[in-house]
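Working notes, structure below.
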Number of protein chains: 2
Amino acid sequence: MKPFVVTSEPNGHFCDDCAVRGAAVCSSLNAAELREFEHLGRRVHFGSGETVFSEEDITTSFYNVLEGVMRLYKLLPDGRRQIVGFALPGDFLGMNLSGRHNFSADAIGEVNVCQFPKAPFGRFIEDRPQLLRRINELAIRELSQARDHMVLLGRRSADEKVATFLLGWRERLVALKGPSDMVALPMSRQDIADYLGLTIETVSRTFTKLERLGVIEIIHGGISLLDPARVEAMAAA
Amino acid sequence: MKPFVVTSEPNGHFCDDCAVRGAAVCSSLNAAELREFEHLGRRVHFGSGETVFSEEDITTSFYNVLEGVMRLYKLLPDGRRQIVGFALPGDFLGMNLSGRHNFSADAIGEVNVCQFPKAPFGRFIEDRPQLLRRINELAIRELSQARDHMVLLGRRSADEKVATFLLGWRERLVALKGPSDMVALPMSRQDIADYLGLTIETVSRTFTKLERLGVIEIIHGGISLLDPARVEAMAAA
DNA sequence: GCAGCCGATTGACCCAGATCAAATTTGAGC
DNA sequence: GCTCAAATTTGATCTGGGTCAATCGGCTGC
């Protein structure tokens, strides 16, 4: 785990060409504030599989995902893993009350983040209620998603879980990259299983089943949604 | 569902004798602000089983639980239910982005809440970053609990779920009412099952099993923790 | 006190999804 | 292209917890 700063100008004006400027926490800042804000953070790169932070680590930074996908997860002492979410560009990570991260995060594929040391970030927020409000919005949105996911984990069948996952993931990609029936799945089957509270075998079998039904096609690095309506029907059931 | 205002003086100085003043959102307000704040809300009572708000209802109010217990849940179209949490005194309900509640809430036993109409509350927050910060803290705390619960729902066995629930619930009661090995369980077995992603039969069998092992005693309206350490061992396993 | 009801418990059986065990495919390094 | 390792798929079997079906027990109202 040896992250390195990407930009050649450590504190340069990199917000200008930041793809997530309009969507992330930054969207609450005006041009002058953004200029000041960018001096707080630095762009950092993580290679595939690298850990950005671990559960129980003291929180020293907040992170704004710029590019790539991260898995956010918790481990039980015996190694069982539950993925509590996937982070995509625009997601903001690191908020907590205890002073420690309450989940681990690692890169799925190449990831770039904007990293803000905790203390200066906290001071910056202090007199900018707009930014605090924005962060609160993000927390509330995540809370709502977390509750939806509890319903999935506690009350849905394997078929419903997989169908719901495919639709939800597609929706996030659509919001990010525009409409498409090709759904890229950068995470492994094990990641999907640990997200849905299933085993890798069940996920694999369910994918195969969906393919045999003709509603998806399994392609390299993802799936193609052949019959979104049927998948929606399976998810709702 | 016919809630009625409890206090005889609709906008009286009821914060003075409010049991949760120090713990709830209100803890972020000074005396003068509290005086102003109490004019925004009114104490409302709900009888056992009454619904405080429903999923998909337009949010018209925020709620601060004063007394009693509420179940917070989501329903699938076919009636399956997932309880996403239990609200206790000091909990703050109603935050959302969509303008609609994203879960339903009803009273388990008699409940008193402090109800704040959305618009004036929003205006009050506007120039009180302290209150916003407090609400943000509560949201982040809930988010952390939600993630813990995802781990439970997705990766723990029935025994672990029940043991974890008993310990977690006891901890909340202890924080509220002081230490005791008597754990009051005002919610039904069905509520517990829907919280843990189990059936009522499995919950019942697990309780009986714990009792036969001598680690708990099932008493009327709750359980007595005879051997907390063994229960903790079961929860961790 | 007792009839009726509702929640909780208990028992018998079943099945969705886990586990165990091979293939098979994919990909990275040479 | 070839080799090896890792990821995925597929098959066979098992089981934790669900489902179905009686009781049981404790209130409520008469």
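Residue numbers begin at 1 in each chain, while the letters A, B, ... track the order of the sequences. What you see is a predicted model, and the numbers here were worked out from it, not measured in a lab.
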Sequence-aligned protein contact record of nucleotides 12-23 of chain C, with B where the base is within under 4.0 Å of a protein heavy atom and S where only the sugar-phosphate is: B----SSBB---
Between A/Arg155 and B/Leu198 (side chain of the first, backbone of the second, donor and acceptor by atom type, cut-off under 3.5 Å), is there such a pair? yes
Provide, to the nearest angstrom, the distance between the CD atom belonging to B/Gln190 and the P atom belonging to C/dG7. 10 Å
Partner of B/Arg230 under side-chain contact (heavy atoms from CB on, under 4.5 Å), chosen from B/Ile216, B/Leu225, B/Leu213, B/Leu210: B/Leu213
Could you check how far CG of B/Leu210 sits from P of C/dT9, rounded to whole Å? 12 Å
Whether each nucleotide of nucleotides 24-30 of chain C has a protein heavy atom under 4.0 Å at its base (B), only at its sugar-phosphate (S) or at neither (-) is summarised, 5' to 3', as --SS---
For B/Lys209 and C/dA8, what is the distance between atoms NZ and C1' respectively, to the nearest whole Å? 19 Å
In whole angstroms, how far is the C1' atom of C/dA8 from the CD1 atom of B/Ile223? 16 Å
Could you tell me whether the side chain of B/Lys74 reaches within less than 4.5 Å of the side chain of B/Val84, counting heavy atoms only? yes
When we call it a touch if two heavy atoms are under 4.0 Å apart, what does B/Ser188 touch: a base, just sugar-phosphate, or nothing? sugar-phosphate
Determine, using ring centers only, whether A/Tyr195 and A/Tyr73 are less than 6.0 Å apart. no
Figure out the CD1/P separation between B/Ile218 and C/dA8, and round it to whole Å. 11 Å
Distance in angstrom units between B/Arg189 CZ and D/dG26 C1', rounded: 13 Å
Whole-Å gap separating C1' (D/dG18) and CZ (B/Arg80): 13 Å
For the side chain of A/Thr206 and the backbone of A/Val162, is there at least one donor-acceptor N/O pair under 3.5 Å apart? no
Can a donor-acceptor pair be found, under 3.5 Å and without considering hydrogens, that links the side chain of A/Asp78 to the backbone of A/Arg80? yes
To the nearest Å, how far apart are B/Phe207 CZ and C/dT10 P? 13 Å
